[in-house]
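These notes are about the structure you will find just below.
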Amino acid sequence: MTDERPVLVWHCAGPWLAISSGAYGGGLGVRSWVLNATVPPGYDRPDPAEHIQEVATRLGLAGAGTGLLTAVDVRHVVSATSHGVTVQVTTGVSQPVWAAGPDVAAVGCQPGTINVVGWSPVRLSDAALVNAVATVAEAKAQALGEAGVDGTGTCTDATVLLCPADGTAEPYGGPRSRIGSLLARTVHQAVSAGLRVPDPTIWPEPTTGRSFR
C-alpha cells in the first residue's frame with residue numbers, strides 16, 4: 001500500500017524484454033519490475049510518469065521498470081494461465097469508448113482503464129511482441145462484446161507484455177500463433193472474469209475480523 005491505496009508489483013527474476021504502453025517506462029526494452037497502482041476516481045495529475053516514479057521510489061524499486069495507473073482497486077486483479085502464458089488483469093469499464101467512435105475532444109475522456117500485464121515463457125521477436133499487443137486488444141474487445149459492454153475498451157487502457165531476453169525468438173504473436181493463441185485465451189478469460197466484479201473501484205469490507213490494510 002502507498003498513500004493508503006494498493007499497488008501491485010511484479011519483480012522479474014532477471015532482466016526481461018518488455019513492450020509497454022504504460023505511462024512510465026513505456027516502449028520496448030529490458031525491464032526488471034512492473035507496477036500497477038490504484039489512484040482516486042477523477043485522478044487528474046498532469047504528470048503520471050512522475051507520479052509512478054514517486055511510487056516506485058517509495059517502494060524501493062531499482063533499475064528499469066514500467067508502471068500503470070488505474071482507478072480500479074488492484075486487489076480485484078484476475079489471473080489466468082495456460083501452458084506457461086500468464087496474464088494478470090485489472091478491469092475497469094465505467095467509461096467505455098469505441099475505438100473508431102467520435103473524436104475524444106468532442107466527448108471527453110474519463111479514466112476507466114483495463115490494464116493487462118502478461119508473460120510469455122519463451123522469447124518473442126520484437127515484431128511478435130508488437131503483434132501480441134494487437135492480440136491482447138482483440139481478445140479484450142471480444143470479451144467486452146460478449147458481455148454487452150458498449151465499447152471496445154477505454155481511452156486509458158494499457159498493456160505490458162514480457163518475455164525472456166534470451167533464447168530463440170518466436171516470430172509471431174498473432175491470435176493463431178503458438179504463444180499468441182494462448183495469450184488471447186488467457187486475456188479473454190481474465191477480462192471476462194473482471195467484468196463480473198460488481199464495482200471494481202471498491203474493495204468490500206470484510207465480513208470477519210480480518211483486515212485488508
Side-chain angles (χ1 to χ4, degrees), residues 2 5-10 12 16-56 61 64-80 85-99 104 109-120 124 129-144 149 151-163 173 183-184 186-188 190-191 193-195 197 200-201:
T2 62
R5 295 189 181 275
V7 180
L8 291 177
V9 179
W10 298 271
C12 302
W16 277 45
L17 180 62
I19 188 167
S20 170
S21 64
Y24 178 88
L28 184 66
V30 174
R31 302 288 182 264
S32 58
W33 54 264
V34 182
L35 72 78
N36 187 13
T38 298
V39 296
Y43 177 84
D44 61 356
R45 272 189 64 160
D47 56 348
E50 183 175 332
H51 182 194
I52 293 170
Q53 177 62 74
E54 292 168 2
V55 174
L61 300 177
T66 185
L68 315 173
L69 300 173
T70 177
V72 170
D73 186 319
V74 296
R75 289 171 292 185
H76 286 297
V77 65
V78 177
S79 300
V85 172
T86 298
V87 298
Q88 294 202 320
V89 181
T90 52
T91 305
V93 288
S94 58
Q95 299 289 337
V97 298
W98 293 102
V104 186
C109 182
Q110 299 296 321
T113 311
I114 301 172
N115 284 340
V116 177
V117 180
W119 295 263
S120 164
L124 300 176
L129 282 168
V130 174
N131 202 177
V133 171
T135 296
V136 168
E138 292 174 23
K140 175 180 65 179
Q142 180 180 339
L144 294 175
V149 175
T152 50
T154 84
C155 61
T156 52
D157 289 358
T159 297
V160 178
L161 300 176
L162 304 102
C163 68
L183 180 64
T186 52
V187 169
H188 178 270
V191 172
L195 289 169
V197 176
T201 65

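Please read all numbers here as calculations on a predicted model, not as lab measurements.
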[Y] and [X], any side-chain heavy atoms less than 4.5 Å apart:
| X | Y | answer |
| --- | --- | --- |
| Leu162 | Cys12 | yes |
| Gln53 | Tyr24 | yes |
| Ile114 | Val89 | yes |
| Val72 | Thr91 | no |

To the nearest 0.5 Å, tell me how far [X] [atom1] sits from [Y] [atom2].
| X | Y | atom1 | atom2 | answer |
| --- | --- | --- | --- | --- |
| Thr159 | Asn115 | OG1 | CG | 8.0 Å |
| Ser20 | Leu28 | OG | CG | 10.0 Å |
| Leu144 | Asp157 | CG | CG | 8.0 Å |
| Thr66 | Ile52 | OG1 | CD1 | 7.5 Å |
| His76 | Thr38 | NE2 | OG1 | 9.0 Å |
| Arg75 | Arg5 | CZ | CZ | 10.5 Å |

Minimum heavy-atom separation for [X] to [Y], with atom names?
| X | Y | result |
| --- | --- | --- |
| Leu69 | Pro48 | CD1-CB, 3.8 Å |
| Lys140 | Val187 | N-CG1, 4.1 Å |
| Cys155 | Val97 | N-CG2, 3.8 Å |
| Thr135 | Ala184 | CG2-CB, 3.7 Å |
| Leu195 | Ala143 | CD1-O, 3.9 Å |
| Pro96 | Val93 | CD-O, 3.1 Å |

_Under the criterion side-chain contact (heavy atoms from CB on, under 4.5 Å), I'd like the reasoning laid out for Val160 against Ile19: C-alpha separation, chi angles, the key distance, then a yes or no._
CA-CA 6 Å; Val160 178; Ile19 188 167; over 6 Å; no

So, [X] and [Y]: side-chain donor and acceptor under 3.5 Å apart, yes or no?
| X | Y | value |
| --- | --- | --- |
| Trp10 | Gln88 | yes |
| Thr154 | Gln95 | no |
| Thr90 | Asn36 | yes |

*Kindly say whether the aromatic ring centers of Tyr43 and His51 come within a distance under 6.0 Å.*
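Distance test on ring centres: under 6.0 Å, yes.
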
*Option among Val34, Leu35, Leu8 that satisfies the side-chain contact (heavy atoms from CB on, under 4.5 Å) test with Val117*: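 That would be Val34.
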
